[in-house]
**Q** 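Can you keep this structure in mind? I'll have questions shortly.
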Number of protein chains: 2
Amino acid sequence: MSLSEKNLAFVMHCGEMGSRWGFNRTIGQMCGLLTITKEPMTANEIADTLSISRGNVSMGIKELQSWRLIKVHHIPGDRKEYYGPAGSIWDMANRVFEERKKREIDPTLSLLRDNILEEAHTDDERFAQQQMQEIHDLLETVTKWSAELQRLSPEQLQSLMKLGSGIGKVLDFKDKILKKPGKSE
Amino acid sequence: MSLSEKNLAFVMHCGEMGSRWGFNRTIGQMCGLLTITKEPMTANEIADTLSISRGNVSMGIKELQSWRLIKVHHIPGDRKEYYGPAGSIWDMANRVFEERKKREIDPTLSLLRDNILEEAHTDDERFAQQQMQEIHDLLETVTKWSAELQRLSPEQLQSLMKLGSGIGKVLDFKDKILKKPGKSE
DNA sequence: ATTTAATTTCTGAAATTTTTGAATACTAAA
DNA sequence: TTTAGTATTCAAAAATTTCAGAAATTAAAT
């Protein structure tokens with residue numbers, strides 16, 4: 001199992017970006033490799049292709065599964081496990097996004113909630129609390145919004161994405177349109 | 001300069017989240033501290049408050065400045081530098097987002113572009129290239145979109161964010177409304 | 001110019017993270 | 001039950017990152 005020069009370059013790039021994307025080098029490489037490889041690969045093939053230890057691959061697989069980025073395939077009469085991407089590119093991006101939200105936003109949101117509930121005593125605390133409130137509100141909006149996006153049908157999403165600079169126009173219309181009953185929130 | 005228990009908890013939390021947010025513990029703490037502290041602080045105050053070395057603070061400041069998250073204040077007749085947040089919470093979130101895009105997406109986008117330009121020779125390469133094309137298109141859409149969002153006025157953004165589940169409805173209307181001329185892309 | 005106050009850079013030590021590879025566990029077939 | 005093929009675990013080694021503190025630098029004040 002050896003990669004063409006270009007494909008190798010891509011896989012290595014994934015490794016280098018790995019840590020920025022939330023995992024480590026090896027896992028980034030594995031993810032990249034499985035994404036551009038047509039047929040699912042065995043753990044040993046992965047290890048050989050990337051020149052890393054078998055144990056490392058095993059850990060990497062576990063991690064990628066916890067991100068729900070890869071899935072296992074089986075071939076009848078063969079007891080090896082074959083790994084491939086868990087879905088489309090779009091699916092994978094969504095998973096990464098979701099998982100990162102869980103790790104990067106949710107814990108902070110929860111801490112902020114607790115903190116905001118308590119009463120501020122000093123002036124310093126009052127100012128701090130205001131700031132925390134703002135952070136909280138911002139994170140909550142983002143959270144709600146991403147949940148909203150995930151709820152849209154693929155067509156709607158497509159439509160929204162393609163909107164581009166049209167978004168401003170549509171927003172302006174929105175006010176006129178949504179003059180239905182009263183409160184909605 | 002000592003922090004109340006609650007504020008300390010927040011600052012330490014920022015430290016723990018630091019690496020997930022793209023910097024390291026110390027820098028996370030510094031960022032949190034400066035954000036909830038009303039008055040700008042000197043490097044020494046920061047070092048004392050967080051019990052870290054003066055040199056470390058200096059490096060942290062440089063890093064936070066490269067993220068454009070803090071700015072310097074001067075007090076007439078005082079040659080120390082005072083550091084405070086570079087803008088509102090919203091501004092800061094934007095900066096982090098922007099900066100991370102620059103670090104996490106742009107390099108990949110550029111690699112993918114190069115890769116896609118070349119011609120695929122083998123079947124494996126063809127498949128790989130298809131996948132890369134998809135990743136590329138996705139990242140480009142995200143990029144364009146975030147640029148679009150940044151172009152909106154704060155009011156429009158507010159409006160968009162508050163939309164929540166209304167987004168679906170608005171999208172449906174959009175098709176009817178935008179039945180202007182023909183192509184828009 | 002010299003002194004003084006401040007900031008920045010640098011180095012190696014410490015802490016943390018990643019990786020390996022041998023030992024162990026698992027599982028299906030013989 | 002045993003064996004063979006496979007996957008997983010985990011302690012130790014390697015690599016990387018972070019950090020304190022000293023030395024160097026810069027800039028203001030005298």
Side-chain angles (χ1 to χ4, degrees), chain A residues 1 11-34 40-67 70-84 103-104, chain B residues 1 11-34 40-67 70-84 103-104:
Chain A
M1 295 300 126
V11 170
M12 290 302 126
H13 175 85
C14 290
E16 280 140 31
M17 298 304 281
S19 57
R20 296 180 192 268
W21 275 87
F23 10 82
N24 66 35
R25 183 177 12 161
T26 310
I27 293 176
Q29 290 174 349
M30 288 176 57
C31 186
L33 175 63
L34 293 178
M41 299 176 76
T42 65
N44 276 320
E45 285 171 345
I46 297 171
D48 290 349
T49 308
L50 300 177
S51 306
I52 59 180
S53 76
R54 184 60 185 70
N56 203 358
V57 171
S58 190
M59 311 232 279
I61 286 167
K62 217 172 44 169
E63 178 76 2
L64 284 172
Q65 276 171 334
S66 90
W67 284 74
I70 61 174
K71 70 177 173 201
V72 186
H73 300 247
H74 283 104
I75 294 181
D78 183 343
R79 56 215 262 210
K80 287 192 281 297
E81 318 221 271
Y82 290 79
Y83 301 96
R103 297 170 192 221
E104 297 173 8
Chain B
M1 294 299 126
V11 171
M12 291 301 126
H13 175 85
C14 290
E16 281 141 32
M17 299 303 282
S19 56
R20 296 179 194 267
W21 275 87
F23 9 83
N24 67 34
R25 186 175 11 152
T26 310
I27 293 177
Q29 290 174 350
M30 288 177 55
C31 186
L33 175 63
L34 293 178
M41 300 176 75
T42 65
N44 276 319
E45 284 171 346
I46 296 171
D48 290 348
T49 308
L50 300 177
S51 307
I52 58 180
S53 76
R54 183 61 184 71
N56 203 359
V57 170
S58 185
M59 312 249 270
I61 285 168
K62 218 172 41 171
E63 178 76 2
L64 284 172
Q65 276 171 334
S66 91
W67 285 74
I70 62 174
K71 71 175 172 202
V72 185
H73 300 247
H74 284 105
I75 295 182
D78 183 343
R79 62 211 257 200
K80 286 191 285 297
E81 317 221 271
Y82 290 81
Y83 302 96
R103 296 168 193 222
E104 298 174 6

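In the text below, chain A, chain B and the rest are named by the order of the sequence lines, each starting its count at 1. Bear in mind that the values here come from a model prediction, so they are computed numbers and not experimental data.
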**Q** How many Å lie between CE on Met41(B) and P on dT7(C), as a whole number?
**A** 13 Å
**Q** Starting at atom CG of Asp48(B), determine the distance to atom C1' of dA20(D), rounded to an integer number of angstrom.
**A** 14 Å
**Q** Using a cut-off of strictly less than 4.0 Å, decide whether Lys62(A) has a side-chain nitrogen or oxygen near OP1 or OP2 of dA7(D).
**A** no
**Q** Measuring from Thr42(A):OG1 to Ile75(A):CD1, what's the distance to the nearest 0.5 Å?
**A** 9.5 Å
**Q** Grab the CD1-P distance between Ile70(B) and dT7(C) for me, whole Å please.
**A** 12 Å
**Q** Using heavy atoms and a sub-4.0 Å distance, could you list which residues of residues 73-83 of chain A are near DNA chain D? By number, please.
**A** Arg79(A), Lys80(A), Glu81(A)
**Q** Would you say Val72(B) and Tyr83(B) make side-chain contact, with heavy atoms under 4.5 Å?
**A** yes
**Q** I need the CD-C1' distance between Glu45(B) and dT7(C), as an integer number of Å.
**A** 15 Å
**Q** How long is the straight-line distance from CE of Met30(B) back to CE of Met59(B), given to the nearest 0.5 Å?
**A** 11.0 Å
**Q** When rounded to the nearest 0.5 angstrom, what distance separates CD in Glu81(A) from CD1 in Ile61(A)?
**A** 8.0 Å
**Q** Separation of Asn56(A) atom CG from dA12(D) atom P, in whole Å?
**A** 19 Å
**Q** Write down the distance between CG (Asn44(B)) and P (dA20(D)), rounded to a whole number of angstrom.
**A** 14 Å
**Q** Do Ile46(A) and Leu34(A) touch side chain to side chain, with heavy atoms closer than 4.5 Å?
**A** yes
**Q** Taking the minimum atom-to-atom distance to the side chain of Ser58(A), which one of dA20(D), dT9(D), dT7(C) wins?
**A** dT9(D)
**Q** CD1/Ile70(A) to NZ/Lys62(A) distance, rounded to the nearest 0.5 angstrom?
**A** 12.5 Å
**Q** Rounding to a whole Å, what distance do you find between Ile52(B):CD1 and dA13(C):C1'?
**A** 18 Å
**Q** Atom NE2 of His74(A) and atom CZ of Arg79(A): how far apart are they, to the nearest 0.5 Å?
**A** 11.5 Å
**Q** Would you call Arg25(B) and Glu16(B) a side-chain contact if the rule is heavy atoms closer than 4.5 Å?
**A** no
**Q** Roughly how many Å is it from CE in Met59(B) to C1' in dG21(D), rounded to a whole number?
**A** 12 Å
**Q** What's the shortest heavy-atom distance between Gly32(B) and Val11(B), and which atoms?
**A** C-CG2, 4.3 Å
**Q** Can you list, by residue number, the residues of residues 23-30 of chain A that have a non-hydrogen atom closer than 4.0 angstrom to DNA chain C?
**A** Asn24(A), Arg25(A), Thr26(A)
**Q** Give Ile61(A) one of three labels, base, sugar-phosphate or nothing, depending on what nucleic acid heavy atoms sit under 4.0 Å from its own.
**A** nothing
**Q** Please classify the nucleic acid contact of Ser19(B) as base, sugar-phosphate, or nothing, using heavy-atom distances under 4.0 Å.
**A** nothing
